[in-house]
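See structure below.
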Amino acid sequence: MIEITETEALNRVAAYCAASEHCRAEIAEKLQRWGIAYDVIDRILKRLEEEKYIDEERFCRAFVRDKYRFAKWGKVKIGQALQLKKISSSVYYSYLNDIDEEEYLSILRDLLISKRKSIHAENDFELNGKLMRFALSRGFEMKDIRRCIDISDENESSE
C-alpha cells in the first residue's frame, strides 16, 4: 500500500469536496480507507470545515432537495439516510420541514398513479394496501399517503 501524506490527502479530499457536496462522515470514511491516522483525519476535517469545503447545513439542504425531487424519496427515508451519515436530527429537521407541501404531495401522487398501472389486485382494498406499502417503502408518511390515495380514488371515479 502506498503511503499518502497529510498534505496529499487534504488536497485530494478538498478537490473531491469541491466537485460535489459531501458530509463529514463520508470524508472521514474515505480517509480511513486510505489508511490515514485518526488524529490526521481530525486535522484534515477541521481544516475542510474551516475553509468551507464541508458544511453540514449546506450538505443537508442539497441532500434533502435532491432526494425528494429526483429520487422521489419521502421525508422518513431522507431522515434515515441522513442519520446513517451521522448528521444530527437538529441539523436536518428544519430542511425536511421546509419542503414545499404541495410539491411533495404532487410527487407522491405521481408515484402512486404510475405504480397503480403496474399493480394487479383483486379489489380496491388490496390495491390500496399495495400502494400504501409501496409509498411507505419510499419513505412517505401514512398521513400523506392516505391523502393522496383518497385523491387518486376520487379522480378515478370522476372520469
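Computed from heavy atoms alone, side chains included, the values below leave out hydrogens, waters and symmetry copies.
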*Provide the closest heavy-atom pair for L108 versus C148 in the form atom of the first, atom of the second, distance.*
CD2-SG, 3.7 Å
*Flag yes if more than 12 heavy atoms outside E122 fall under 6.0 Å of its CD atom; otherwise flag no.*
no
*Distance (rounded to the nearest 0.5 Å) between L48 CG and K46 NZ*: 12.0 Å
*Which heavy atom of Y95 sits nearest a heavy atom of C60, and at what distance?*
CD1-CB, 3.7 Å
*Same cluster for M132 and I119 if Ile/Leu/Val/Met/Phe/Trp/Tyr side chains link at under 4.5 Å?*
yes
*Verify the cluster assignment for F134 and I78: are they in a single hydrophobic cluster under the rule of side-chain heavy atoms below 4.5 Å apart?*
yes
*asked:* Between L127 and N123, is the side-chain contact (heavy atoms from CB on, under 4.5 Å) condition met? List the steps.
replied: CA-CA 6 Å; L127 173 72; N123 53 45; over 6 Å; no
*Test log, rule side-chain contact (heavy atoms from CB on, under 4.5 Å), inputs D39 and R43*: CA-CA 6 Å; D39 59 324; R43 282 197 303 271; 3.8 Å; yes
*Hey, could you give me the CG/CD distance between L105 and E103, rounded to the nearest 0.5 Å?*
10.5 Å
*About how many Å separate CZ of R12 and CD of E8, when rounded to the nearest 0.5 Å?*
6.5 Å
*Below 4.5 Å, heavy atoms only, C-beta onward: do F63 and I87 meet side chain to side chain?*
no
*Could you tell me whether R33 and E29 make a salt bridge, using a distance below 4.0 angstrom between a side-chain N and a carboxylate O?*
yes
*Should L112 and R109 count as side-chain neighbours, where that means a heavy-atom distance under 4.5 Å?*
no
*Interatomic spacing from CD in E6 to CG in N11 - rounded to 0.5 Å*: 10.5 Å
*May I ask you to check if K72 and Y68 form a cation-pi contact, with NZ or CZ under 6.0 angstrom from the six-membered ring centre and within 45° of the axis?*
no
_Pairs involving residues 90-99, ordered by first then second residue, that meet salt bridge (Lys or Arg N to Asp or Glu O under 4.0 Å) (sequence neighbours left out)_ = none
*Search all heavy atoms of R69 against all heavy atoms of I107 and return the closest pair with its distance.*
CA-CD1, 4.1 Å
_Could you measure the distance from the CD atom of E141 to the CD1 atom of I145? Nearest 0.5 Å is fine._
8.5 Å
*Which residue, V91, V64, L82, I54, forms the side-chain contact (heavy atoms from CB on, under 4.5 Å) with F59?*
L82
*asked:* Checking Y92 against E57: is there a side-chain donor and acceptor pair closer than 3.5 Å?
replied: no
With a cut-off of 3.5 Å and sequence neighbours excluded, list every side-chain donor-acceptor pair involving residues 16-28.
unit_1 : atom_1 : unit_2 : atom_2 : d
S20    : OG     : H22    : NE2    : 2.9
E21    : OE1    : R58    : NE     : 3.2
E21    : OE2    : R58    : NE     : 2.7
H22    : ND1    : E26    : OE1    : 3.1
R24    : NH1    : E49    : OE1    : 2.8
R24    : NH1    : E49    : OE2    : 2.9
E26    : OE1    : C23    : N      : 3.1
E26    : OE2    : K85    : NZ     : 2.6

*Which value, rounded to the nearest 0.5 Å, describes the distance between R47 atom CZ and L10 atom CG?*
5.0 Å
*Check whether any side-chain N or O of Y104 sits under 3.5 Å from a backbone N or O of K75 as a donor-acceptor pair, and report yes or no.*
yes
*asked:* According to a hydrophobic-cluster definition based on side-chain heavy atoms being under 4.5 Å apart (Ile, Leu, Val, Met, Phe, Trp, Tyr only), do L45 and I4 belong together?
replied: yes
*Side chains of L31 and V40: does their closest heavy-atom pair fall under 4.5 Å?*
no
*Under the side-chain contact (heavy atoms from CB on, under 4.5 Å) rule, what do K130 and R116 come out as? Steps first, then yes or no, please.*
CA-CA 9 Å; K130 288 180 177 185; R116 173 176 260 159; over 6 Å; no
*For T7 and T5, what are the C-alpha separation, side-chain angles and deciding distance, and is it a side chain to side chain donor-acceptor pair (under 3.5 Å)?*
CA-CA 5 Å; T7 307; T5 67; 4.7 Å; no
*Does W73 share a hydrophobic cluster with L84, counting links as ILVMFWY side-chain heavy atoms below 4.5 Å and allowing steps through other members?*
no
